[in-house]
**Student:** 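Quick one: the structure is below, and I'll ask about it shortly.
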Amino acid sequence: MLFAWRYVEPTPPDSIRLAVGPKDSSYYWLGQRYQESLKNQGLQVELVETQGSRENLELVRDGEADAAFVQSGVSLGKEFSEHFFFLAS
């Protein structure tokens with residue numbers, strides 16, 4: 001059993017923290033849609049209310065959020081951006 005355990009991939013998380021911005025923002029609304037959809041797939045999404053995109057990035061950088069919605073063009077500087085994976089639409 002020990003031999004097999006070393007080569008098995010870890011299971012995916014059953015919950016994530018998503019930094020979304022203020023409660024009256026479109027990112028918060030979108031976060032609620034993701035929360036509903038992913039709950040149906042067995043993933044709990046905790047919405048983390050913030051002041052906006054820069055704080056969202058800071059929370060991900062500091063390990064206080066797992067993912068975030070961020071406005072295009074917002075950055076924490078080159079030294080931190082290299083460690084992020086971005087999706088855009």
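Every heavy atom of this structure was used, including side-chain atoms; hydrogens, water molecules and symmetry mates were not.
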**Student:** Measure from the side-chain N and O atoms of Thr50 to the backbone N and O of Gly21, and report whether any donor-acceptor pair falls under 3.5 Å.
**Tutor:**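 A pair under 3.5 Å: yes.
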**Student:** Please step through salt bridge (charged side-chain N to carboxylate O under 4.0 Å, His left out) for the pair Arg33 and Glu36, ending with a clear verdict.
**Tutor:** CA-CA 5 Å; Arg33 304 292 78 75; Glu36 293 169 12; 3.0 Å; yes
**Student:** Side-chain heavy atoms nearer than 4.5 Å, only ILVMFWY residues, links allowed to pass through others: does that put Leu38 and Leu18 together?
**Tutor:**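 They do share one cluster, since a chain of ILVMFWY contacts under 4.5 Å joins Leu38 to Leu18.
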**Student:** Would you check if the side chain of Arg17 reaches a backbone N or O of Gly63 as a donor-acceptor pair within less than 3.5 Å?
**Tutor:**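 Yes, Arg17 side chain to Gly63 backbone: donor-acceptor pair under 3.5 Å.
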**Student:** Taking the six-membered ring where the residue is Trp, are the ring centres of Tyr34 and Tyr27 under 6.0 Å apart?
**Tutor:**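 Tyr34 vs Tyr27: aromatic centres not under 6.0 Å.
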**Student:** Can Ile16 be reached from Trp29 by stepping across I, L, V, M, F, W or Y side chains whose heavy atoms are under 4.5 Å apart?
**Tutor:**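 In one cluster: yes.
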**Student:** Is the number of heavy atoms from other residues, nucleotides or ligands under 6.0 Å of Gln51 CD greater than 12?
**Tutor:**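 Atom CD in Gln51 is not packed in, count stays at 12 or less.
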**Student:** Quick check: closest heavy atoms across Ala65 and Ala19, and the distance to 0.1 Å?
**Tutor:**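 For Ala65 versus Ala19, the nearest heavy atoms are CB-CB, 4.1 Å.
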**Student:** Return the CG to CD distance between Asp24 and Glu49, rounded to the nearest 0.5 Å.
**Tutor:**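 Nearest 0.5 Å value for the CG-CD distance: 8.5 Å.
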**Student:** Would Leu30 end up clustered with Leu43 when hydrophobic side chains under 4.5 Å apart are linked, directly or stepwise?
**Tutor:**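 Per the 4.5 Å side-chain linkage, Leu30 and Leu43 are co-clustered.
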**Student:** In Å, rounded to the nearest 0.5 Å, how long is the span from CG of Asp66 to OG of Ser15?
**Tutor:**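 Interatomic distance, Asp66 CG to Ser15 OG, rounded to 0.5 Å: 7.5 Å.
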**Student:** Report whether Val20 and Val45 are members of the same hydrophobic cluster (ILVMFWY, side-chain heavy atoms less than 4.5 Å apart, transitive linking).
**Tutor:**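 Hydrophobic grouping puts Val20 with Val45.
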**Student:** Hey, could you give me the CD/NZ distance between Gln32 and Lys23, rounded to the nearest 0.5 Å?
**Tutor:**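 Gln32 CD to Lys23 NZ: 8.5 Å, rounded to 0.5 Å.
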**Student:** How long is the straight-line distance from CG of Asp62 back to CD of Glu55, given to the nearest 0.5 Å?
**Tutor:**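 Reported to 0.5 Å precision, the distance equals 10.0 Å.
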**Student:** Rounded to the nearest 0.5 Å, what separates atom CZ in Phe69 from atom CG in Leu47?
**Tutor:**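 If I round to the nearest 0.5 Å, the distance is 8.5 Å.
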**Student:** Might you confirm whether atom OH of Tyr28 has over 12 heavy atoms from other residues, nucleotides or ligands at distances under 6.0 Å?
**Tutor:**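 Count over threshold, so yes.
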**Student:** Distance check, rounded to the nearest 0.5 Å: Glu64 atom CD versus Glu58 atom CD?
**Tutor:**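 Going from the CD atom of Glu64 to the CD atom of Glu58 covers 9.5 Å.
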